[in-house]
Each structure stands twice: as C-alpha cells, then as structure tokens.
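Have a look at the structure below before the remarks.
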Amino acid sequence: MSKLENNQARTIDRVNATLNQRYGRERRFRRFGFFAVLLGLTFVGLMFLSIIGKGYSAFQQTRLLLDIEYTESVIDPSGERDPAVLSSANYAGLIKSTLRARYPEVKARKEKRELYGIVSNGASLVLRERVMANPDLIGSSEQLWLPADDDIDMLIKGHIDRSVPESERRIKDNVLAWIETLEADHKIEKFFNLTFLTGGDSREPELAGIGGAVMGSLYTLIVTLLLSFPIGVASAVYLEEFAPRNRWTDLVEVNINNLAAVPSIVFGLLGLAVFINFFGLPRSAPLVGGMVLTLMTLPTIIIASRAALKAVPPSIREAALGVGASKMQTVFHHVLPLAMPGMLTGTIIGMAQALGETAPLLMIGMVAFIVDIPGSAMDPSTVLPVQIFLWADSPERAFMEKTSAAIMVLLGFLIVMNVLAVILRKRFERRW
Amino acid sequence: MIKNRIVLAAALTAAAVSTANAASRDYISVVGSSTVYPFATVVAENFGKTSAFKTPKIESTGSGGGLKLFCSGVGVEHPDITNASRRIKSSEVEKCASNGVTDIIEVKIGYDGIVMANAKSAEQIQLTRRDVFLALAKQVPNPKGGDGLVENPYKTWKQVNAALPDMEIEVLGPPPTSGTRDAFVELAMEGGCKTFDFIKAMKKKDKQAYKGICHTIREDGAFIEAGENDNLIVQKLESNPKALGIFGFSFLDQNSDKVQGSLVDGMAPTFEAIADGSYPVSRPLYFYVKKAHVGKIPGIQEFLAEFTSDKAWGEEGYLVDKGMIPMPNEERNQFAADVKGLNILKLSK
C-alpha cells in the first residue's frame, strides 16, 4: 500500500515538475499557428489592397462634353441615307471641326494633331453608331459625352503629375491648358466605364474591355465542364465500384495521381500535337482550350470523386444489395447521390484551376490579340488570365489599371465559383 | 458507359464541324514577334474597324516560333502572316520551301530602338558600346594587357571606364528567348566587341569562337534576366536607382517621367536619333506574307494596304504614336510598291 502511495506521489511530482514546461510548449505552438495565419492573411490583404487600389479607377472613364453638329454635307452629301455611305462617313471630321470651333487659336499643323489627340479614336465610332441607329440626327446638333484619350484619362485620374517639368510629362503644357479650360467649364467628367466590362480587346486603353475574354473563359469552361465532369465521374465510379483490384488498376491509380502533378504546359503540348496537328481543329478556339483543360482537370476530379465515393459508408451499399438491388442500382440510386456533393466540390475546384490557367493555352494559340467578341466555342478567343498577361505587357501606362481591374474581375469569378462550391456542399452534404 | 459514348460522339461531331469551319477561315491569322505585336495589333484593330473584313487574329509567339508556324505549310490551318524583329534566315526560307511555302513577301515596317535606361532619380549614364561589352560579356580581354581573354573581372562601372560612376554593375535585361536580347547582343555587345582588334581578327579565322566571345553574356549575377515583361523592368528600375535596364524604345517613350535612356556612343535614344540611324542600337522590324494565301483568305491585300499606308506607318501615322520609328520616305515608298505588286522575297546570299 505504502509502496503504491509512494509511487503515485512520485508520478504526480513528475507531472507537476514538467507541467509549466508543457503548457508553455502548447502556448508557443498556438502562438506560432496564430502568427502563421496572421501572416497569410496579411499577405492576402496586401495583395487585395494593392490590386484594388490600382485597379478600381479602371471602372471609371474620363469623357468630354462636346457639341457635335451632324453636318449633312459631311455625313451624307447625296442625302439618300444609304447605310453604306452612312457607315463609312468621316465622323472623326465632325469631332475635329467641333474641337477647332472650341479652340480657334490652334492653327499650326502639329498643334492641331495634339488637339485632335485629346479625344479617343473610339469617339467617331460612337457617333457612327448613333447616326446608323437614328439617321434623323443628320442636320441636327447635340451635346455628347465622348471618351477622352488614355493620356487625358490618366491625367484626370491623377496618374500623371501636373507639377513635373514639361519635358518629363507625357502631356505637354498646351494640351494641359486646354484640359484645364474644359475642367473649369465642367466639360470633362468621369463616368462608369461600361466599355471595360462589355468591350473586346483594343490597343487603345480607353476602348479596351474584358468582355471578349470573359466570353472566351465562359466557353472554355463550359467545354471543360461538359467533358471533364462526366468522364471524371464515370472513371471514378468504375475504378471505385466496379474495377477488379489487380496490378492494372493499381497502375492506373498511380498514373492518375501522377498526372495531377504534371505541369500544365505539358498538356498544352499534347493538345497542340493531338487536337490541332492530328485532328486539325482550329487554333485559338475555346473548344480546343476546353479539351486541353479537360485533360488537366480530369485527375483532380477523379481523385476528389473517388474520395467522395470512399466516404459513403459500406452499410448503405450492403443495405441496398440486401434488399435485392443490383450492383448498378446500388451505385446509381444510393451511392452516387450521396457522393455527389463531394464530387461537385472537386469539380468546381478543378474548374477554378482551369479558369486561372495560361500556360497550356499558349501552345494552342489562345494567347492572341482578338478584338471581336467570340460568339461560339469555335471562334478565336482568349481567356481572362491571358488577357491580364497581355495587358501587363503593354507599354501604355493606362493598361496598368486595366490589368489590376481585370485581376479583380478574375478574382470575382473565382470567388463566385468557390461560394457555389460551398453552397452545394452545405445543401447536399449528409453526415453519418 | 453511355455518358462516355455521348461525350465521345459530341467531341467527334464538334471535330467534324470544326474541320468544316477551318476550311473557310474568314479572318487573317497573324503570328510572330512580341516586339512587332504592339504595332501589328494597332493596324489590325484599325483595319477591323474601318473595313468590311473581320479583325485579324494576332498571336504573340516570338519571331522564331512565328516563322516556324508560318513555314509549316500552305492552307487555311496555317498562318498567313508572321511578324519578325529580325530578318528571315536562309535556313528558314529553305524550311518554308520544303513545306511548299515558296513565295514569301517581305515587308519592312520600321525600326525599334533598344535602350539602356536607369531611374530618373539617378544620374544619366554615358556609355560606349565598348563599355557595354566589357561590363556584360562573359569573357573579356585581359585588363592587364595582351591578347588573352579572362573571365569578366569587373564589378563596378568605374572599373570598366574611369569616366563612369562608381556603381556596381547591375543590369536587368530580357532572357535569351527574346528577340530584344538577340538584337541587343548583336548590336551593342558585338559592336563593342569588334573594337578589340584581336577579336575582330578572329571573325575571319574562327567565326564560332568570335560569336562565342561577343554574344555570351556573363552569368555571375551582374546581368539579371528579368523576364519578357518590359513594364516589370521599368518598375524595378524605379525602385532601384543603381540598376540599368534593357528594353524597347516604346517603353522608354511611355515612361519618360520614371526612367531616362543612357547615352550610347554619345547619342541619346531619342525618336530622331533612332530614325536617322545615329543611335547605334536599333533594329528593323519585318513581317512576312504567304503569297499563296492572298486571294484565298479575304482581306489580306487590304490589310497590307492599311499597314503600308501613310496614316499607319508614315511619319505622323498612328504606329509612330505607339512608339515605332518610321523608315525614311524612299524606303517606305519602295516597300509600299513591293507590297502593291506582291513582289516576292529573293534572299541575296
């Protein structure tokens, strides 16, 4: 008895002796964990701040209020209102004469060029559209807000410093003086930039939009989803539920796991060799892009789907088989519905990866300048990350904010997809 | 699986539809140099807006990659035009010919200057091509004299040339895959390299060794490969006033408030100096057209007309606004006439 007491006393002493040390370890570990999370969050926060800080201004566009006179002798001298004539009329000339009327002191050829340069090249297209839609405008005049050139846009947004010497500024003193008179008259304002969201790519920053890239991404993702989800789920179901366990299925399993780790550019090369060179599919098409990204996302989907199938308790299969369901009925009526939330989550994660991918698309020609917005999966197009890459590489200063804004749109796209994944999981998830 | 079969069928139909589609491409397909890309895209956009044709599709694949695609054959699945920031090589012409691409129209569009620049906050630097070679080559002539070569021993610009500031050599430049790098090495480095008589003498005896000396950039950290993105180099220069960067003239033009071009052989990299050829580090830009596609793909001739019109590549054209340096008048007229007549390229060897 006394021996046992002694023993216990000794144990409790040992426990007490190291207690503080062990608590201390736990505290330190907790602190490390906390700081790791804090560090991660800080970096994410910094990234968001810098991107939003640089990019938010791209959602606004500077416009000038100009009195446009739709002179009949310029637009349609014959007066027949022939659409071909209306379409090719000299609308830039209308804007030029407006500017000349406003600044009659500008005479020299070089100065005139500078004056015409404050309005975007795209402004004449605005006029053309208006006249084409409503030929009755010809002969009348109206006040219109027309987009300004990208340099003027940068000036108004404060990205060009007015105080530095003229030689170091992209906007010369005489242009600055014109802009300041416009500012004094409240004829230069910032508007919401709809072109940025709906327009196609352009080499003029004030006309460039991500509409084309968003549509390209959408078509590519639809193709990817249509191909990778059924194939991925079917392979997972076969491997998990029907395939015999032998050396071959082991080999397949190892290969699928390895494929998930293959650099994506390899899939691009494969796509180039097989889809474009062998099957003769067109370059730059979302169809091919989607097929290449399918190859890339398949392993992710298969692995996630198999994990989801494994997580369905065997009791469900046994119960179904017990009441006389066939193997096929068991799988499709009971196991698959229960595994579906997990599969969908895996699919959406795979799709989110595919959305952010550029490397494989480089090989199949989707890194390209494409102005027209694609209307189908066969039209040439780019995708969002490629558009970001192309803009980041453009010399014009105004593309910097466009780049950040495009990143914001891409992040928005990703957040929506991830939220969808969470909702799907929460809605259909079942716990045992 | 039924699902599998449906998907397969869908993919095959899609493939069939697409081959039918590809057989009648109604837009021009352009590939090639990333240096010409910003200019070609402007022309394409203007062409698309002002003509009845679709906007051409322009891929940025690099000069070499573009010529490879271009030379892979005749037919709608191959590109019609390739841009290049160097002239086509005779080996590439042969490759083209072996794939049936025999008639090629060469169009020189203008010049691009390659600048060495540093941050505005630092002092402007006056270099010679010899300085550039000594500062950046892997092997340089022995500073102690004699005709021997040693591994580049220079750590600061002052060691290279006593007139230069006492600043560590730190140069940000493009990677070897870039056409800008090729041109820089050929024009700036080789230009400096040739000023040493014994190396120049090697050119006749052993061209390979000569190129090896003049074209190899040091790899000990003084030259930093900063990727293909010139904007990134500009940003890095701004934050590090001690570094020099190598990039295309249009980026200097756009960022004149942040960086300043270094003088090379006494010439500042200005628009005028590059246009009249007095700035030594500038290169011509080209594009090549497959004659067999003219008339097959709608709009090629009109696109060429737009590119070679005065409002595009002229002295006051929109390409100049984007930073391209135009050719002199006679040269422009010559090329415009060649394009109009669809005269094909004959390489004089």
Side-chain angles (χ1 to χ4, degrees), chain A residues 87-88 109-110 113 117 121-122 124-125 160-161 164 167-170 200-204 207 223 226-227 230-231 233-235 237-238 275-277 279-285 287-288 291 362 365-372 377-380 389-390 392-397 399-400 403, chain B residues 1 3-4 6-7 10-11 14-15 17-19 21-22 25 27 29-31 34 37-46 48-50 52 54-61 69 72 76-77 79 120 228-232 234 248 250-258 260 316 318 321-323:
Chain A
S87 153
S88 61
R109 194 172 137 69
K110 187 166 173 282
R113 269 175 62 81
N121 292 342
S124 54
L125 298 177
I160 292 180
D161 189 353
V164 297
S167 62
E168 295 176 12
R169 217 187 306 125
R170 271 193 65 75
D201 194 8
S202 169
R203 286 284 297 133
E204 303 297 331
L207 304 177
V223 173
L226 287 182
L227 290 175
I231 298 178
V233 170
S235 338
V237 168
Y238 176 74
F275 300 138
I276 294 181
N277 292 347
F279 285 117
L281 295 181
R283 277 178 77 81
S284 314
L287 176 74
V288 180
M291 284 157 85
L362 191 74
M366 287 185 86
V367 179
F369 176 73
I370 288 151
V371 174
D372 302 321
M378 302 307 300
D379 291 342
F389 168 73
L390 288 174
D393 216 11
S394 299
E396 287 81 8
R397 182 78 60 85
F399 273 123
M400 194 121 91
T403 309
Chain B
M1 298 256 81
K3 262 186 188 167
N4 241 338
I6 293 172
V7 169
V17 169
S18 72
T19 20
N21 251 18
R25 178 153 58 83
Y27 56 88
S29 165
V30 184
V31 293
S34 55
Y37 172 88
F39 308 126
T41 44
V42 186
V43 179
E45 191 177 346
N46 272 295
K49 273 184 188 147
T50 52
K54 278 200 171 177
T55 309
K57 179 191 88 183
I58 302 186
E59 286 179 47
S60 164
T61 60
L69 284 167
S72 54
V76 281
E77 66 273 28
K120 264 261 141 89
E228 295 261 17
N229 189 328
D230 290 355
N231 272 327
L232 202 69
V234 172
S250 47
F251 287 83
L252 177 68
D253 191 35
Q254 287 281 339
N255 295 294
S256 52
D257 55 337
K258 291 183 182 165
Q260 57 190 353
E316 292 193 339
Y318 52 74
D321 292 340
K322 289 283 169 194

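To find a chain, count down the sequence lines: A is the first, B the second, and so on, and within it residues start at 1.
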Query - Pick from Asp230(B), Thr41(B), Val31(B), Thr55(B) with the largest number of heavy-atom pairs that fall under 4.5 Å of chain A - result: Thr41(B)
Query - Atom group of Pro56(B) that falls short of 4.5 Å from chain A, counting heavy atoms - result: backbone
Report summary line: When the 4.5 angstrom heavy-atom criterion is applied to Lys120(B) and chain A, the contacting part is side chain
**Report entry** Which portion of Asn255(B) sits near chain A, non-hydrogen atoms under 4.5 angstrom
**Finding:** both
Query - Heavy-atom side-chain proximity of Arg203(A) to Ser394(A) below 4.5 angstrom - result: yes
Report summary line: Okay, Met400(A) and chain B: the region with an atom under 4.5 Å from a heavy atom over there is side chain
Report summary line: Counting heavy-atom pairs under 4.5 Å with chain A, the top scorer among Asp253(B), Thr61(B), Val234(B) is Asp253(B)
Query raised in the report: Under 4.5 Å between any side-chain heavy atoms of Arg283(A) and Ser29(B), yes or no?
Result: no
Query raised in the report: Side chain, backbone, both or neither: which part of Ile160(A) has an atom under 4.5 Å from a heavy atom of chain B?
Result: neither
Query raised in the report: With a 4.5 Å limit on heavy-atom distance, are the side chains of Glu396(A) and Lys322(B) in contact?
Result: yes
**Report entry** Winner by heavy-atom pair count (cut-off under 4.5 Å) against chain A, out of Ser250(B), Ser60(B), Ser256(B), Pro38(B)
**Finding:** Pro38(B)
Query - Toward chain A, the part of Leu69(B) with a non-hydrogen atom under 4.5 Å - result: side chain
Report summary line: Whatever's closer than 4.5 Å to a heavy atom in chain A on Tyr318(B) counts as neither
Query - Close side-chain approach of Ile370(A) to Asp201(A), heavy-atom, < 4.5 Å - result: no
**Report entry** Closest non-hydrogen atom pair between Ser284(A) and Gly365(A), with its separation
**Finding:** OG-O, 2.5 Å
Query raised in the report: Under 4.5 Å between any side-chain heavy atoms of Leu390(A) and Tyr37(B), yes or no?
Result: yes
Query raised in the report: Can you name the nearest heavy-atom pair linking Phe399(A) to Glu204(A), along with the distance?
Result: CZ-C, 4.3 Å
**Report entry** Residue part contacting chain B, namely of Ile276(A), when any heavy atom lies under 4.5 Å
**Finding:** neither
Query - Toward chain B, the part of Leu362(A) with a non-hydrogen atom under 4.5 Å - result: neither
Report task. Considering only heavy atoms and a distance below 4.5 Å, find which of Leu232(B), Asn231(B), Asp321(B) pairs most often with chain A. Result -> Asn231(B)
Report task. Please determine if Asp257(B) and Arg397(A) form a salt bridge, counting it only when a charged side-chain N lies under 4.0 Å from a carboxylate O. Result -> yes
**Report entry** Note, Met291(A) side chain near Leu281(A) side chain (heavy atom, < 4.5 Å)
**Finding:** yes
